[in-house]
Number of protein chains: 2
Amino acid sequence: MSLMTSWVAGANAPDCDFPLNNLPYGVFEDGKGARMGVAIGDYVLDVGAVDHRLDPALFAAPSWNAVMAAGPEVWAALRARLIELLGDEAHRAAVEPGLVPLAEVALLMPFAVTEYTDFYAAKNHAFNVGSMFRGPENALPPNWLSIPIGYNGRASSVVVSGAEVRRPWGQLKAPDAELPEFAPCRRFDLELEMGAIVGTPSDGMVSVAQADEMIFGYVLLNDWSARDIQAWEYQPLGPFQSKATATTISPWIVTAAALAPFRISTPERERELLPYLSEPGPMLYDIALEVALAPEGGEEVVISRTNYSEMYYSAAQQLCHHTSSGCAMRTGDLLGSGTISGTTPDSRGSLLEMSWGGKEPLALPGGETRSFLEDGDTLTLRGAAQGDGYRIGFGESTGKVLPAVPQPDWIKD
Amino acid sequence: MSLMTSWVAGANAPDCDFPLNNLPYGVFEDGKGARMGVAIGDYVLDVGAVDHRLDPALFAAPSWNAVMAAGPEVWAALRARLIELLGDEAHRAAVEPGLVPLAEVALLMPFAVTEYTDFYAAKNHAFNVGSMFRGPENALPPNWLSIPIGYNGRASSVVVSGAEVRRPWGQLKAPDAELPEFAPCRRFDLELEMGAIVGTPSDGMVSVAQADEMIFGYVLLNDWSARDIQAWEYQPLGPFQSKATATTISPWIVTAAALAPFRISTPERERELLPYLSEPGPMLYDIALEVALAPEGGEEVVISRTNYSEMYYSAAQQLCHHTSSGCAMRTGDLLGSGTISGTTPDSRGSLLEMSWGGKEPLALPGGETRSFLEDGDTLTLRGAAQGDGYRIGFGESTGKVLPAVPQPDWIKD
């Protein structure tokens with residue numbers, strides 16, 4: 001696959017996130033109301049304003065859920081028509097009025113999140129966290145090589161890039177304290193993840209192949225995590241309020257179709273998977289990822305570089321397992337991959353790992369250090385699949401940490 | 001509080017679940033389309049068909065979500081108007097055409113579940129389960145007396161009374177096996193719970209008092225649980241597929257207003273609660289509960305009797321804690337109380353406890369025994385608050401266990 005050229009300005013530059021090969025879907029607002037858009041070069045195309053040849057009802061609400069629910073034939077028809085309209089100069093006059101400069105729009109939530117599930121399915125992350133708490137010999141839980149471990153998260157926590165994130169309050173218990181206190185989180189962290197979005201629903205068990213076909217697209221995902229709240233609350237039923245403050249996603253849904261040339265297989269298995277989880281083909285993707293941190297008023301610095309290919313389980317395997325008990329999946333369900341860490345210290349997907357539980361603070365330029373996030377820090381995730389002379393970019397996903405709210409007056413001292 | 005009399009047949013009988021004091025909200029279907037209804041005596045009133053004096057848009061969809069979102073003033077106005085219409089004989093002629101015999105209707109989901117959270121907040125249940133696995137000295141986890149422990153469940157699993165429930169498949173690992181297998185669950189269980197329904201939304205931390213005002217009403221809830229799937233999957237991130245097969249709720253939402261005379265306080269604390277969780281008044285309810293089991297073709301037998309007052313944390317405390325990290329709550333969020341067990345063997349809320357992990361099978365009439373549920377078993381939950389000469393009943397919540405689906409052909413042996 002090579003670059004597909006477009007007549008839209010900026011779309012053919014090798015470092016453009018949004019060439020014609022990509023066509024990611026978002027929702028934008030330019031002062032004339034929120035609408036469904038597709039990113040192309042330096043512009044966003046108002047999809048509802050062009051001759052898309054599909055049911056206009058699909059573009060009536062500022063959300064991609066209706067298109068997602070319409071299924072793979074509609075997805076393919078829309079993509080083919082957009083390639084025609086934006087690739088062929090002959091359509092320029094008709095289409096150009098629907099282009100709005102990206103620099104002039106605000107990007108909103110691209111879809112309504114129905115339910116949110118988060119996984120724990122990148123081996124280096126699980127190994128790092130397990131090593132910290134149980135030593136390297138017992139790092140992976142006994143079920144880890146058999147189950148794409150997941151837990152249900154909170155859909156109401158999902159926000160789009162740009163939303164500011166308030167440091168949460170919670171129950172914290174210092175290791176040497178007998179009892180917990182209720183206080184603002186002191187170990188607030190990021191988690192670098194990818195999110196997979198369920199397009200077509202299911203009712204009952206589906207195979208890995210069927211699950212793969214249900215996935216509409218992918219976003220970058222930051223699963224903000226309160227490590228001190230988590231440490232005290234998570235036994236025996238898992239993380240709860242530690243993960244409920246915010247989950248930031250990138251504003252553009254990069255479709256499975258755009259990522260198709262970048263499919264790769266999940267890694268060799270130490271333990272053979274149960275047959276229901278075996279993959280009929282490559283269902284993971286080669287997507288380079290990075291995390292950048294900018295202290296308040298300071299320079300941004302990249303603190304981690306890793307790749308989605310570090311996953312031990314693909315989103316299709318996770319989704320298949322999610323349906324194994326008969327659990328119904330619905331349009332708009334969001335599946336977080338789990339934190340994606342590589343094998344080296346500079347490829348870790350959380351500050352918990354980068355600072356090894358706070359014991360080895362990360363040095364930032366200018367002499368600052370970070371064990372966990374400070375108020376005012378802005379985090380930016382970026383990701384792209386690199387093709388031959390073009391790339392499929394996800395754009396940026398940012399979030400700034402705001403100080404905790406003051407103590408509410410109904411919390412007596 | 002004593003019986004409020006109604007002119008509707010059956011409503012004044014002391015053993016009627018639905019006197020004028022109750023007025024629970026549901027959705028019914030009688031061959032003329034699904035509509036919003038209120039149970040009264042032997043009838044359901046088609047609420048949209050009477051002069052309710054509220055915005056008709058609140059009754060346009062067959063779901064109580066719009067009314068729930070409208071807030072406490074609308075809830076109070078609707079209840080007052082229904083008491084007027086159904087209590088005063090003068091309205092009989094105008095209202096009677098809107099009454100449909102309960103025996104002639106099917107009851108549907110009363111509201112759309114936005115997100116579902118399940119707690120672990122009745123002490124006897126936590127103590128029983130903990131004793132089985134860790135011995136009575138270490139039964140309660142260290143955080144149990146401080147946190148109303150909860151985990152996010154799966155909203156798509158929630159079904160209404162009457163829905164049949166398929167025994168799930170899942171990863172199971174026998175204690176003496178080295179590796180798991182993928183097979184139908186062998187330890188399928190019930191959990192007797194109450195569900196609290198969020199009416200008005202919140203964004204940010206709320207107090208226990210504010211949380212109490214957000215709750216629209218309560219239902220009976222059976223959190224079907226696959227114990228063998230749970231045992232293998234739940235470390236370290238909590239229950240996932242073991243709880244995702246089905247969650248059955250009763251069809252009538254009994255409002256907080258109807259239950260107000262039955263408020264009681266949560267129990268004395270062994271460990272003082274953190275101030276944010278302290279209750280400004282009684283926020284738990286005295287509601288008698290029972291579970292009945294009927295084998296296929298056999299007689300029903302009551303296998304447990306307990307009371308909602310066995311809870312250590314009220315729904316208001318659970319909801320307050322749920323918002324403590326800033327987690328937004330929305331209209332239609334459902335909070336399961338956690339399994340409600342009393343102190344005696346005949347008041348336990350799950351077969352896991354009744355059969356003590358399968359070691360002491362429960363004897364049923366006719367010589368059958370149960371360690372866990374068998375295919376064909378029908379479970380029925382019932383609940384009522386007992387007043388002076390009347391009761392606030394929840395009706396019944398039933399579910400029958402169907403055999404697992406055959407092995408899908410895409411699961412190779």
Side-chain angles (χ1 to χ4, degrees), chain A residues 114-115 120 141-143 146-147 149-157 166 168-171 173 179-182 185 204-205 207 209-210 226 229 232-242 244-246 271 274-276 278 321-322 324-330 333 405 408 410-413, chain B residues 114-115 120 141-143 146-147 149-157 166 168-171 173 179-182 185 204-205 207 209-210 226 229 232-242 244-246 271 274-276 278 321-322 324-330 333 405 408 410-413:
Chain A
T114 305
E115 296 197 65
Y120 183 62
N143 54 10
S146 296
I147 303 181
I149 294 177
Y151 65 98
N152 297 299
R154 184 78 195 168
S156 71
S157 76
R166 280 254 171 233
W169 284 70
Q171 284 200 25
K173 196 185 81 60
L179 292 173
E181 59 179 327
F182 190 68
C185 167
M205 250 193 279
S207 68
Q210 289 165 333
I229 298 174
W232 171 234
E233 78 173 359
Y234 91 108
Q235 289 284 12
L237 298 187
F240 183 47
Q241 289 308 286
S242 55
T245 301
R271 184 191 295 171
L274 284 163
Y276 80 104
S278 68
H321 179 68
H322 208 329
S324 61
S325 67
C327 180
M329 303 301 298
R330 297 180 289 185
D333 283 343
V405 293
W410 46 264
I411 300 182
K412 303 158 234 151
D413 278 315
Chain B
T114 305
E115 297 196 64
Y120 183 62
N143 54 11
S146 296
I147 303 182
I149 294 177
Y151 65 97
N152 297 299
R154 184 78 195 167
S156 71
S157 76
R166 280 255 171 232
W169 285 69
Q171 283 201 25
K173 195 185 82 62
L179 291 174
E181 59 179 328
F182 190 67
C185 167
M205 249 194 281
S207 68
Q210 289 166 333
I229 299 174
W232 172 236
E233 79 174 356
Y234 92 107
Q235 289 284 11
L237 298 186
F240 183 47
Q241 289 308 285
S242 54
T245 300
R271 183 191 296 171
L274 284 163
Y276 80 103
S278 69
H321 179 68
H322 208 327
S324 61
S325 67
C327 180
M329 303 301 298
R330 296 179 290 185
D333 283 342
V405 294
W410 46 264
I411 300 181
K412 304 156 232 153
D413 279 315

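So that the names make sense, note that chain A is the first sequence line, chain B the second, and so on, each numbered from 1. Bear in mind the structure is a predicted one, so any value in this text is a computation, not a measurement.
Counting heavy atoms from C-beta outward, A/Gln241 and B/Cys327 have side chains that approach closer than 4.5 Å. Residues A/Pro275 and B/Phe182 fail the side-chain proximity criterion, which asks for heavy atoms closer than 4.5 Å. Between B/Phe240 and A/Ile147, every side-chain heavy-atom pair lies at or beyond the 4.5 Å cut-off. In this structure, the side chains of B/Asn143 and A/Pro180 stay at 4.5 Å or more apart for every pair of heavy atoms.
Proximity of a side-chain donor or acceptor of A/Glu115 to a complementary backbone N or O of B/Ala155 within less than 3.5 Å is detected. Remark: the backbone N or O of A/Ala328 is paired with a side-chain donor or acceptor of B/Ser156 at under 3.5 angstrom.
Expressed to the nearest 0.5 Å, how far CD of B/Glu233 lies from NE2 of A/His321 amounts to 6.0 Å.
Both the backbone and the side chain of B/Thr245 come within less than 4.5 Å of a heavy atom of chain A. Heavy atoms of B/Gln171 lying under 4.5 Å from chain A belong exclusively to its side chain. With a 4.5 Å cut-off on non-hydrogen atoms, A/Pro236 touches chain B through its backbone and its side chain both. At a 4.5 Å heavy-atom cutoff, the contact between A/Gln210 and chain B is made by side-chain atoms alone. Neither the backbone nor the side chain of A/Ile229 comes within less than 4.5 Å of any heavy atom of chain B.
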